[in-house]
Participant: 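Below is a structure I'd like to ask you about.
Here is how names work: the chains are called A, B, and so on, in the same order as the sequence lines, proteins then strands, and each is numbered from 1. Since this is a predicted model, take the numbers as computed values, not measurements.
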Amino acid sequence: MSSEQRKAFPFSEFEPKWQDVWEAKKAFRTPNPGDADFDASKPKYFVLDMFPYPSGAGLHVGHPEGYTATDIIGRFKKMSGFNVLHPMGWDAFGLPAEQYAIKTGQHPRATTEKNIEGFRGQLKRLGFAYDWDREVNTTDPGYFKWTQWIFLKLYNSYVNDAGKARPIAELEGQGLSREEIDSRRLAFVSSAPVNWCPELGTVLANEEVVDGKSEVGGFPVERRPMRQWMLRITSFAQRLIDELDGLDWPESIKLLQRNWIGRSEGAHVKFQIVGHESDVTVFTTRPDTLFGATYMVFAPEHALVDQITTPEHAAAVEAYRKVVGSKSDLERTELAKEKSGVFTGAYAINPVNNEQIPIWIADYVLMGYGTGAIMAVPAHDSRDFEFAQMFALPVKQVVQPPEGKDWQGFTDNGTAVNSGFLDGLTTPEAKAKMACWLEEKGLGKGTTNFKLRDWLFSRQRYWGEPFPIVWEEGNHRSIAESELPLLPPDLEDFRPTGTPEPPLSKAPDWVRYSATATRELNTMPQWAGSCWYYLRYCDAQNSERFVSEEAEKYWMGGGKPGGVDLYVGGTEHAVLHLLYARFWHKVLFDLGYVSTPEPFQRLVNQGLIMGEDGQKMSKSRGNVVNPDDVVKEYGADSLRLYEMFMGPLEQVKPWSMKGVEGVYRFLARVWRLVMAVSEEGVWSLSPALQDVPANKQVTKALHETIKKCGEDIEKLSFNTAISQMMICTKTFTAEEVMPVSAIVTFLKVLSPFAPHLAEDLNARIATKFPALAVEGLLSDATWPKYDPAALIEDEVEVVFQVNGKLRDKARVPIQATKEEIEKIALASARVQEFMEGKTPKKIIVVPGKLVNIVV
RNA sequence: GCCGCUGUGGUGAAAUGGUAAACACAGCAGACUUAAAAUCUGCUGGGAGGUAACUCCCUUGCCGGUUCGAGUCCGGCCAGCGGCACCA
């Protein structure tokens, strides 16, 4: 049997038809302030999806999940009288695009354009109410001109003592040297060790390295010192933590970000080194345990190691450093099961008791965190304890744990012992006292440290935004804003060079900027374009500014810390995109370019859709569902509705084709409310459709549905809204006569979920009942109001409990008083039976609900 | 190891502290049909008793607590998923 004959309603005819009508009429065009048709009296609602990376594989079923949710919200808000901004675009730069191009032997611009076309077509076939005039594409020069422009803002800014980004010109006015100014820029050059991935031929940000491998491709990553562009995100660490508070985000995501930023409070402590002028500072979160420090450990890369190592230990130290230095991050973590290290021969003096303690080097101390050196308190730190056991170093108790716990390796709070002036204090008291003592003696002070590192911002790849920077006599400087956009050269061979030399070096004409200056050869990472795309949507066509002040104020304003009203996307961006975008937004805010300190007010993460087998969808498992197939077989409305009916939006849930059939049957039932089929299989308006008022039962079901669906959409509880529509449809189906106006109202409620079907049925009803159907497009209709009076029943069922157990129920008038209900309950034969003649101790009456008699 | 989330029928799931399992899937039975598909109707957590209508008991991972009343709140444990991981 062909699928054509099996169709229960002709979705494959009317879905494309309405998609064309919406597009032709620009039904979802959103006017901006200043436009002739802009209505300033309406409130705004900015609903945003995480824009897709247009891969060659096309849309997968995970995309429409979030996109349908935002589409329902957007359509509902539009119907409820809001100016709705619901745009779509393409995050098209980056490694995967370039690798795909290399694999298929095409230019990334060609593959990207083809992929975008594919994605756009797929999204259009799902009937999303986007304003396509606002489409953005990060690889479009008209877009990345402004990405480069924002980079120049970062380059030309610094953070002042108050922690705010300010124009670098302020420092120039203070007569600082070029070196001093360059060292304070938010975009700066650094030659620290970075994550180099030989396979990808580029460096990667810390956030892009997972378990010592590249997030893209899973290739090994090694540490090597290279000169790279960095963004000073660490200057915003505290604000990035603090300003999460005002946001309506899942607590788990806030926590993920807080943990990633990793604030910890402690103290710096200065140690003298025996026989040396120099001293060394360590960071510790446990200054209260200073009396228990029995040795010290430097990171192998620590700058002082060469100076302090004694001749008899030099060979061993050198050998150890060599071994550590040759390891990739992966090997280093893999081999980290057992502690290793060597003694330098040097000693430090513990400032609290003047004891000499040995200085070791070990790779469990990281150069990149704190000061790259630690005081080891083996008694109360598990790593130090393990190391001390291994190398037979002394372990000295300085914290008394609560009764019944061993002090060795005890890391929680307790009471200070063997600690001189700290003895008897609780751990928090001792921390505070020690910090004061250190500060008084000039030996240290309380400090805060963050795990967050500065953002490595350059890549040795072709398919990214070139930096608007030139080099002259060893110094960098920005090019003029008027020179933007800076296009990449047209390269035949854009593959990585296999060395840290970026592929842009293959275009000598492009590289030569002037007789004395050459261009920066690195490109920006994929994250750059996605850091600000939501702003571009507000004014996507503007060629004068990244977004007009007026549009930014209107769409991003509204008195809350975040400008976007609802942002829906996957958890995978919890610490990458969402942290980077917040950082850029804060810089733009400080500089006065945007009106809110945060970009996204409300964030919702959609849950992953698993395969039918409950496993993650993947080609190798063969459990991937292609949305195109579903649309072909069941229609776009079925796909939309099913993805919303599966379960709560935020939950991980498995796909079920049977479930798709279920919602498909529901849509067919709705279709048959309005349409009847002849014996020849021709659909026409159902004769049951009549211009009559709805009876009480239908009216009640309808108004309950208006109420519940409206409330559930606001709560993003789409599955329960759909079940209510199913109940309502059942009530309609049971009727012999279909009251047209009630059906039309129901279609309005259905339309955000299944817009094609609702639009089509309304148009068909309009042919016979033009006065009762919505005039023009149903998508432009107003959300119906429910009548509270229609919901009220004359009688309600009240349950009677004896000692909390259900024993009887009765229908009582809605206006019955507590006393009357109580009397009815006590009169019940079943209740009396279970009371066994005892007198009630207590009777709880919840009007309209229950009576509980306690005996 | 640390942090977080989630545990409810055969399945996806509902349930402002107030009738657990709405809605749907699957299954079973029936109607329509020569037959099938489609459609429509009914049943469908477990156990016990009763010819039957029906009645009773148990049931939201496990143990305890608060409450007239707990899937929901509190404490402890177990399992699964996710994040971080030598961050001093």
Participant: Using atom C1' in both nucleotides, what's the gap between U8(B) and A22(B) to the nearest angstrom?
Facilitator: 13 Å
Participant: Examine the side chains of Asp454(A) and Thr234(A) and answer whether a donor and an acceptor come within less than 3.5 Å of each other.
Facilitator: yes
Participant: Hey, what are the protein-to-nucleotides 39-41 of chain B N/O distances that come in under 3.5 Å?
Facilitator:
from, atom 1, to, atom 2, distance (Å)
U39(B), O3', Arg672(A), NH2, 3.1
C40(B), OP1, Arg672(A), NH2, 3.4

Participant: Go through C56(B), A88(B), A24(B) for me and flag the one nearest to the Arg830(A) side chain.
Facilitator: C56(B)
Participant: Would the distance check show the side chain of Gln801(A) and the main-chain N or O of Ile853(A) forming a donor-acceptor pair, the cut-off being under 3.5 Å?
Facilitator: no
Participant: In whole Å, what separates the P atom of C81(B) from that of U66(B)?
Facilitator: 35 Å
Participant: Using purine N1 to pyrimidine N3 plus N6-O4 or O6-N4 for Watson-Crick, or N1-O2 and O6-N3 for G-U wobble, each under 3.5 Å, what pairs with C28(B)?
Facilitator: G42(B)
Participant: Tell me the closest heavy-atom pair linking Ala574(A) and Ile253(A), and the distance in Å.
Facilitator: CB-CD1, 3.8 Å
Participant: One thing to verify: whether Arg258(A) and Asp245(A) come together as a salt bridge, which I'm taking to mean a side-chain N less than 4.0 angstrom from a carboxylate O.
Facilitator: yes
Participant: Using a 4.0 Å heavy-atom cut-off, does Phe645(A) contact any base of the nucleic acid, only the sugar-phosphate backbone, or nothing at all?
Facilitator: base
Participant: Contact class for Pro250(A) (heavy atom, under 4.0 Å): base, sugar-phosphate, or nothing?
Facilitator: nothing
Participant: Remember a base hit wins even if backbone is also touched, and classify Glu251(A) as base, sugar-phosphate or nothing at under 4.0 Å, heavy atoms.
Facilitator: nothing
Participant: Using OP1 and OP2 only, check whether a side-chain N or O of Asn719(A) sits under 4.0 Å from A24(B).
Facilitator: no
Participant: Please work out whether the ring planes of His577(A) and His573(A) are parallel, tilted or perpendicular, with thresholds of 30° and 60°.
Facilitator: perpendicular
Participant: Checking contacts here: which listed nucleotide (A88(B), U19(B), C23(B)) is nearest the side-chain heavy atoms of Leu806(A)?
Facilitator: U19(B)
Participant: Checking the side chain of His302(A) only, and the main-chain atoms of Ala373(A) only, is there a donor and an acceptor separated by less than 3.5 Å?
Facilitator: no
Participant: Considering only NZ, NE, NH1 and NH2 on the basic side and carboxylate oxygens on the acidic side, decide whether Glu711(A) and Lys715(A) come within less than 4.0 Å.
Facilitator: no
Participant: Let's see if you can work this out: which of C23(B), C56(B), A14(B) has an atom nearest to the side-chain heavy atoms of Ile727(A)?
Facilitator: C23(B)
Participant: Can you check whether Phe283(A)'s main-chain N or O pairs, donor with acceptor, with His268(A)'s side chain at less than 3.5 Å?
Facilitator: no
Participant: Please name the nucleotide paired to C56(B) by Watson-Crick or G-U wobble geometry with both distances under 3.5 Å, or report none.
Facilitator: G47(B)
Participant: Name the nucleic acid region contacted by Arg807(A), choosing base, sugar-phosphate or nothing; use a 4.0 angstrom heavy-atom cut-off, strictly under.
Facilitator: sugar-phosphate
Participant: Of the nucleotides C57(B), A14(B), A88(B), which one has an atom closest to the side chain of Thr720(A)?
Facilitator: A14(B)
Participant: Kindly assign one of parallel, tilted or perpendicular to the pair Trp455(A) and Tyr580(A), based on the angle between their ring planes and the thresholds 30° and 60°.
Facilitator: parallel
Participant: Just the rounded figure in Å: distance from C1' of G12(B) to CE of Met657(A).
Facilitator: 15 Å
Participant: Would one find a side-chain N or O of Ser264(A) under 4.0 angstrom from OP1 or OP2 of A88(B)?
Facilitator: yes
Participant: Take atom OH of Tyr664(A) and atom P of A24(B), then tell me their distance rounded to the nearest Å.
Facilitator: 18 Å
Participant: Any salt bridge linking Glu251(A) with Lys254(A)? Criterion: basic side-chain nitrogen under 4.0 Å from a carboxylate oxygen.
Facilitator: yes
Participant: Any side-chain heavy atom of Met375(A) sitting closer than 4.5 Å to one from Thr289(A)?
Facilitator: yes
Participant: Look through every strand shown and name the nucleotide pairing with A88(B) as Watson-Crick or G-U wobble, where both distances are under 3.5 Å.
Facilitator: none
Participant: Do the side-chain N or O atoms of Lys809(A) get closer than 4.0 angstrom to the phosphate oxygens (OP1, OP2) of U19(B)?
Facilitator: no
Participant: Write down the partner of U33(B) under the Watson-Crick or G-U wobble criteria, each distance required to be under 3.5 Å.
Facilitator: none
Participant: Return the 5'-most residue of the pair Glu661(A), Val575(A) with respect to RNA chain B, ranking by each residue's nearest nucleotide.
Facilitator: Glu661(A)
Participant: U60(B) and C5(B): how far apart are their P atoms, nearest whole angstrom?
Facilitator: 23 Å
Participant: If you find the nucleotide of RNA chain B closest to Gly262(A) and the one closest to Gln724(A), which residue's nucleotide is nearer the 5' end?
Facilitator: Gln724(A)
Participant: Given atom CG of Leu256(A) and atom P of A85(B), what is their separation to the nearest angstrom?
Facilitator: 11 Å
Participant: Go through A13(B), A88(B), C57(B) for me and flag the one nearest to the Val365(A) side chain.
Facilitator: A88(B)
Participant: Looking for any heavy atom pair under 4.0 Å, which part of the strands does Lys451(A) touch: base, sugar-phosphate only, or nothing?
Facilitator: base
Participant: Decide yes or no, distance alone: a donor-acceptor N/O pair under 3.5 angstrom between the base of C86(B) and the side-chain of Lys339(A).
Facilitator: yes
Participant: Is there a Watson-Crick or G-U wobble partner for C81(B) with both distances under 3.5 Å, and if so, which one is it?
Facilitator: G4(B)
Participant: When all nucleic acid strands are considered with a 4.0 Å heavy-atom cut-off, which category describes Gly662(A): base, sugar-phosphate, or nothing?
Facilitator: sugar-phosphate
Participant: Got a sec: does the NZ of Lys396(A) have more than 12 other heavy atoms crowding it under 6.0 Å?
Facilitator: yes
Participant: Could you check which nucleotide pairs with A21(B) in any of the strands shown, counting Watson-Crick or G-U wobble with both distances under 3.5 Å?
Facilitator: none
Participant: Round to a whole Å and report the spacing from OH of Tyr364(A) to P of C86(B).
Facilitator: 13 Å
Participant: When the P atoms of A29(B) and U44(B) are compared, how many Å lie between them, rounded to an integer?
Facilitator: 15 Å
Participant: Quote, to the nearest angstrom, the C1' distance that separates C62(B) from A79(B).
Facilitator: 10 Å
Participant: Check nucleotides 66-68 of chain B for protein N or O atoms closer than 3.5 Å to its own N or O atoms and list the pairs.
Facilitator:
from, atom 1, to, atom 2, distance (Å)
C68(B), OP1, Lys842(A), NZ, 3.2
C68(B), O2', Asn852(A), ND2, 3.3
C68(B), O2, Asn852(A), ND2, 2.5

Participant: In whole angstrom, give me the gap between the C1' atoms of A13(B) and C25(B).
Facilitator: 10 Å
Participant: Where does G9(B) land, syn or anti, once you apply the within-90°-of-0 test for syn?
Facilitator: syn
Participant: Should G71(B) form a Watson-Crick or G-U wobble pair with both distances under 3.5 Å, which nucleotide is its partner?
Facilitator: none
Participant: Looking for any heavy atom pair under 4.0 Å, which part of the strands does Tyr642(A) touch: base, sugar-phosphate only, or nothing?
Facilitator: nothing
Participant: Can a salt bridge be assigned to the pair Arg807(A) and Glu833(A) using a cut-off of 4.0 Å between side-chain N and carboxylate O?
Facilitator: no
Participant: P atom, G17(B) versus U72(B): distance in rounded Å?
Facilitator: 11 Å
Participant: Determine, for Glu65(A) against Lys653(A), whether the closest basic-nitrogen to carboxylate-oxygen distance falls under 4.0 angstrom.
Facilitator: yes
Participant: Could you measure between the two P atoms, the one in G80(B) and the one in G75(B), and give it in whole Å?
Facilitator: 23 Å
Participant: Please write out the pairs of protein N or O atoms and N or O atoms of nucleotides 2-9 of chain B separated by less than 3.5 Å, giving the distance to one decimal.
Facilitator:
none

Participant: Mind checking whether Phe387(A) and Tyr295(A) have parallel, tilted or perpendicular rings, split at 30° and 60°?
Facilitator: parallel
